[in-house]
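All remarks here apply to the structure that follows.
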Amino acid sequence: MDSEDEFMSGASSGDDFANIEDSDDDFDNEDQDLGFSQDKDIVRTSKKSYEVDFEVLGPSQIQLQQDVQIKDVADVLGQPPEAAAILLRHLRWNREKLFDRYMENQASLLDEVGLEEDASHTPSTKKIPDFECEICMSGDSDVETYALKCGHRYCVDCYTQYLASKIRDDGEAARIQCPTSGCKRIVDSKSLTFLVEDNLKSRYRELINRTYVDDMENLKWCPAPECIYAISCSVRKKDLAKIVPTVTCECKHPFCFGCAHEDHQPCPCSLIKKWIQKCEDDSETAHWISANTKECPKCQSTIEKNGGCNHMTCRKCKHEFCWMCMGLWSEHGTSWYNCNRFEEKSGNDARDAQAKSRQSLERYLHYYNRYANHDQSNRLEKDNFAKTEKKMTLLQNQSGMSWIEVQFLETAAKTLQECRQTLKWTYAFAFYLARNNDTIMFEDNQKDLELATENLSEMFEQPVEQLSAKKLDILNKNTYCSQRRVTLLSDTAELLKRGKWTFNISLD
Amino acid sequence: MAKRIGKVSSILSLTHLKLTSIQELAELTSKPPPLMKINLPNESDLHKWHIILSGPPSSPFEGGSFTLLLTLPKDYPFKPPLLSFQTKIYHPNVSNDDKGAMCLGILKPDEWKPAIKIVDVLEFMAQVIREPNLDDAVEQSIAHEMREDRKAWEKKAKEWTRKYASGKDGTSENAT
Ligand SMILES: [Zn+2]
Ligand SMILES: [Zn+2]
Ligand SMILES: [Zn+2]
Ligand SMILES: [Zn+2]
């Protein structure tokens, strides 16, 4: 990302959500990186309605942010930085609250966090005649001891072990208290660095950064395992009914800033939570759907799904059908065929309670079936990622294309993944939609994207020998898929932002 | 005493656990808190202590003898001890299962302080047994019953005391 300036301005202007709606910032959008988009110069690279401003922060930037705020507060209050740091951490980095409390009653606030007005001491150990440590219940006149300002004194060995167990085992850092029962004095970072071993110092700094990010409403850790980056974004909890804030970390992991779940556009956070819960509750009913094998609807021989494509051809009888609805493939793509839409049975059929509950189960299974299918396809395509590279090498050798020239396969693999991910969540979204004209528009978008994705998927899974001749087709289909995805996400996000969708369930 | 053990530790290089618990055990066995007796079920294992608690007078546990197991983690006193009832007891702060777990506030990892003594823990435990803490109950149904119909709770608690805690050393039932 090279648009750091814009990100910075977005982050520092700070006024919540307003700048998301009418920001004209140039935003490097990913299509640019694909490098084939012919209308690159025509398409405006301005931010789309489903995108949010965010900034990725590395460990040193997270440290720097804290240092700046600590110095600032230290200057204003005339306190040493250690004291300012303790105060800020205690009040979870809320400066306004800190200043208010400080003005209101300085002494009681300082007392509460275990600071006296003078915190500029240099830590040192001391020998006390006939000392007995309350932790190890032993001691001597020549044992080194340490106490915080509260005066509760322990031998250095015990103090160090105590801090080590807090940092190493409990992952605590910013709010470790004096070892004395009932004493709330916090171990300041100066004492801490004085007492603990070097290997724990870095762990301590890491944990201090952890709590800083956890405490800040505009910061979130990337949930990818072992990832060291955090994301800064101005979307707040109250905005989540109006926007789905997908962000992408430096480590390439896309996730939702609102709920830290995987990218679930276009479906709002509260709905995916309900949906996942529902799927868990109904897991047995829906279990058979996620199976990897089904029977051919014509000859009943077992068919295994091993790629992402949902256009199936029975090996035995050559019958072509759709994995999701088991209907004839030839009818998909005609204007009257609906694979994605759930057709409600007309009034008479659903009169009694039993028929109603049956219908509601059928409705759920319709959406779950498609949700699970795209999820499954997505996973199969992800497995194929390594295969894609092999394919690229193979194609390079067979056709004499350069490595650059075979990149279109990787591009297509990436597009397929994005589209599957989006499609998957469109079905959770549609499940909760009340039926009206907007829903029909949504389902048309969904159908277009689904069909385009299946077509790309099918082209992509062709034998390598046929791929070089199909390069242009694949590139075109790829562009089309991306465009359909952008259209669906933009249209949906636009209405969400304006609160125009009607759901059959409340959004909180 | 402290001095002597200090010297012993430097010779045998005893860990904090051993040193602290030997001293605490020595003090507790010679001067146990009221209504309690302390012993080691296995002399060579300093991590496990048996506490025999006599049911506090004028409580539904009066006349009963309850065995508790106190387990010291290997990095005691930097980590809190665990306390569990081996004798069944009808009490909102003791889990009604084979664990008999007791969740005292001061034993929670983030509230525990290494300077807290086992004697403090035991006195606090006896206090909670005498006066159940309904806001911090592990057995919600028992807490509910106590709030709604204290008489019924007392009756059942007495019944359990008679049934499970009347053995001479309180270990007659499920004391394994
Ligand atoms: Zn203290
Ligand atoms: Zn000590
Ligand atoms: Zn979310
Ligand atoms: Zn279909």
Side-chain angles (χ1 to χ4, degrees), chain A residues 90 114 127-148 150-187 195-197 200 207 210-211 214, chain B residues 1-31 33 46 49 72-83 104-125 127-128:
Chain A
H90 181 66
K127 286 180 185 170
I128 307 278
D130 286 325
F131 176 76
E132 193 189 322
C133 170
E134 277 287 305
I135 294 177
C136 59
M137 299 177 87
S138 64
D140 227 320
S141 297
D142 52 85
V143 77
E144 295 287 355
T145 69
Y146 189 78
L148 295 175
C150 57
H152 297 123
R153 193 163 285 280
Y154 300 96
C155 70
V156 168
D157 278 358
C158 282
Y159 230 119
T160 310
Q161 262 203 65
Y162 168 62
L163 296 175
S165 100
K166 281 283 175 197
I167 297 169
R168 200 191 321 107
D169 308 339
D170 303 343
E172 279 185 46
R175 295 180 257 270
I176 304 177
Q177 295 176 349
C178 160
T180 304
S181 175
C183 179
K184 290 202 172 359
R185 176 149 311 237
I186 290 162
V187 181
L195 290 167
V196 302
E197 302 147 44
L200 280 175
L207 287 165
R210 283 254 140 219
T211 30
D214 291 341
Chain B
M1 178 82 178
K3 278 271 168 51
R4 215 181 59 236
I5 287 183
K7 289 277 150 51
V8 170
S9 83
S10 59
I11 298 163
L12 300 176
S13 69
L14 288 171
T15 61
H16 271 91
L17 163 74
K18 292 223 172 94
L19 198 53
T20 313
S21 54
I22 286 173
Q23 176 135 3
E24 293 199 71
L25 186 63
E27 279 169 17
L28 276 168
T29 41
S30 62
K31 210 166 111 326
L46 275 172
W49 302 12
L72 302 179
K74 73 175 192 323
D75 29 14
Y76 178 80
F78 300 103
K79 291 284 143 60
L82 286 165
L83 199 55
L104 298 178
I106 53 165
L107 296 187
K108 287 177 186 149
D110 46 337
E111 282 180 50
W112 172 256
K113 293 289 189 78
I116 299 177
K117 294 275 159 299
I118 290 177
V119 61
D120 304 327
V121 172
L122 295 182
E123 276 168 3
F124 191 59
M125 175 274 293
Q127 156 80 16
V128 171

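In what follows, chains carry the letters A, B, and so on, assigned in the order in which the sequence lines appear, proteins first and then strands, with residues in each chain numbered from 1.
- Proximity to chain A is limited to the backbone of B/Pro109, based on heavy atoms less than 4.5 angstrom apart.
- Applying the salt bridge (Lys or Arg N to Asp or Glu O under 4.0 Å) rule to pairs touching residues 112-124 of chain B yields A/Glu134-B/Lys117, sequence neighbours excluded.
- Here the straight-line distance linking atom CG of B/Asp110 with atom CD of A/Glu172 works out to 6.5 Å at 0.5 Å rounding.
- The two atoms that bring A/Tyr154 and B/Ala115 nearest to each other are OH-CB, 3.4 Å, heavy atoms only.
- Partners of B/Glu111 by side-chain contact (heavy atoms from CB on, under 4.5 Å), not counting sequence neighbours, listed by chain and number: B/Lys108.
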